[in-house]
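Everything on this sheet refers to the single structure shown next.
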Amino acid sequence: MYRRCSALLALVAEAMALRTLASRKALVAAALGGARPLSAARGVATFALPDLTYDYGALEPAISGEIMQLHHQKHHAAYVANYNKALEQLDAAVAKGDASAVVQLQSVIKFNGGGHVNHSIFWKNLKPVSEGGGEPPHEKLGWAIDEDFGSFEALVKKVNAEGAALQGSGWVWLALDKEAKKLRVETTANQDPLVTKGINLVPLLGIDVWEHAYYLQYKNVRPDYLSNIWKVMNWKYAGEVYENATA
Amino acid sequence: MNDVADDESASDAETEENADANGDTVDALESSDPDEVGPVTWIEQQPLPYPSDALEPYISKETVEQHWGIHQHIHVERLNGMIGGSEWEGMSLGQMMLSSFNEGREAPHPPFFHAAQIWNHDFYWRSMQPGGGSKPSERLLKFIKRDFGSYDGMIQQFMDAALTQFGSGWVWLSYKGSKLPHVNSRSPIPSDNYGRLVISKTPNAINPLVWGHSPLLAIDVWEHAYYLDYEDRRADYVSTFLEKLLSWETVESRLKKAVIRAIERDGHVSRKHVRKQLLAQGKSRIRARPQQANENARGQTSSQEKPLGV
């Protein structure tokens with residue numbers, strides 16, 4: 001009788017854990033705006049590499065097609081694969097009640113999950129010139145930039161400076177602080193997502209300053225990469241995110 | 001040289017020896033001609049120990065010229081621009097690196113990033129040789145087997161460290177002495193109390209010298225080190241480094257010096273060594289308790305000690 005009870009409890013616990021896992025993933029998936037998770041046999045949701053809405057070569061000459069292809073098909077794909085693997089291992093560890101395994105998986109999850117989150121945003125931040133890439137922000141976001149930075153040029157200068165000064169690998173962001181209702185420039189290290197700098201921060205634009213994002217084309221001259229990437233920046237998307245967050 | 005904090009002087013001295021032992025870090029102080037325009041060169045990077053195409057086909061000439069000639073050189077330029085009139089003026093590269101690390105409590109001072117990267121890269125180039133790879137000597141293999149179980153076990157640990165350095169950084173094989181830095185007592189962890197080989201990974205510019213370890217080899221896993229030749233395939237780059245480029249002779253000679261330094265610094269000797277010494281000197285205190293034997297040994301001059309069986 002006792003054994004049946006505890007088995008039942010274990011089943012309930014596992015189902016609850018899985019359901020929480022699945023619902024959390026659904027939230028994340030919704031936040032990513034449509035990277036629909038696939039269902040695996042065990043019921044653990046997995047993540048998929050999102051497609052680009054433009055060809056690899058469409059951002060030239062700002063970013064080479066070679067870089068775009070490697071960046072998407074190798075780097076981002078690896079984050080997705082390793083993230084899924086880590087989540088499966090996490091699920092198994094949670095089900096077994098293996099606390100130290102759960103803790104040990106955190107850095108792999110943070111790195112690969114963060115990489116997936118960040119790059120999913122990044123592809124949407126970029127647009128070919130022919131489709132509006134590089135056109136400066138208008139209306140609400142444009143006014144907010146003028147108010148919080150003085151001018152659009154001042155914002156670009158600040159992002160470039162912070163991106164160039166970042167030691168090692170990381171990202172530079174234009175963020176909306178939802179609580180303070182102000183725009184901020186932030187940097188994160190390695191693949192840390194923007195939320196690690198503040199729970200109220202919404203990413204409007206992120207620029208990858210890992211060497212893999214520019215090395216084949218710009219070598220060590222990160223400042224050239226930064227000044228050129230504005231030519232393919234998708235301000236329309238940033239504006240939409242801003243208006244949704246401030247609605 | 002400038003005064004440094006007491007508890008740093010030991011590790012500074014070690015670094016000095018480290019740097020010198022590994023082929024002379026060059027400090028060039030140009031004559032201070034007041035009419036002279038242009039930057040002063042306080043620190044220089046060591047020259048490449050082989051031609052820039054010598055590591056082909058494993059690391060291309062283009063990578064070496066870009067990596068040594070531009071990346072490392074920019075660190076030299078930046079560092080030299082920071083030194084004049086600062087508290088670091090007159091220090092050697094190693095001293096500058098350790099003192100600007102700020103003991104890791106807060107962010108390091110600005111020179112650390114550049115000083116450490118210059119040091120790390122000098123060490124990296126000298127960890128490789130054309131036609132390197134092959135296997136360690138029998139003597140070195142003994143240590144490897146003792147501390148990693150097997151040669152393959154060590155390689156596996158290397159790969160794991162390299163692939164879990166999530167971002168830019170370095171992977172190291174180091175010799176860790178038997179004492180905790182700045183602490184004057186025995187560790188309750190048995191393996192802390194004898195010198196051993198360890199593999200570690202460090203982010204960005206940090207290196208194990210700041211922990212008081214003696215590095216034996218360094219692998220640069222910043223993307224710029226391998227991207228032109230291997231793209232995203234860090235694992236291929238690291239295993240090629242280990243199989244084709246690594247200079248085990250250099251590792252072994254660095255290890256010999258590291259063990260001597262550790263003995264001098266930590267006063268550590270093994271029981272076997274103490275017994276040999278006492279026998280050699282015809283004294284019969286061999287039956288003494290290990291504690292006693294070690295204390296006796298510490299009283300003897302270290303110049304007589306050889307790094308046997310550590």
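Proteins come first, then strands; the chains are lettered A, B, ... in the order of their sequence lines, and each starts at number 1.
Here B/Phe112 and B/Phe101 bring their ring centres to under 6.0 angstrom of each other.
For chain A, the nearby part of B/Glu62 is the side chain; its heavy atoms alone come within less than 4.5 Å. Looking at B/His224, both its backbone and its side chain come within 4.5 Å of chain A, counting heavy atoms on both sides. For B/Asn204, the part lying under 4.5 angstrom from a heavy atom of chain A is the side chain only.
Applying the salt bridge (charged side-chain N to carboxylate O under 4.0 Å, His left out) definition to pairs two or more places apart or across chains, those involving residues 194-215 of chain A are A/Glu186-A/Lys197.
Side chains of B/Tyr226 and B/Asp220: no donor on one and acceptor on the other come within 3.5 Å. A donor atom on one side chain and an acceptor atom on the other are not found under 3.5 Å apart for A/His76 and A/His119.
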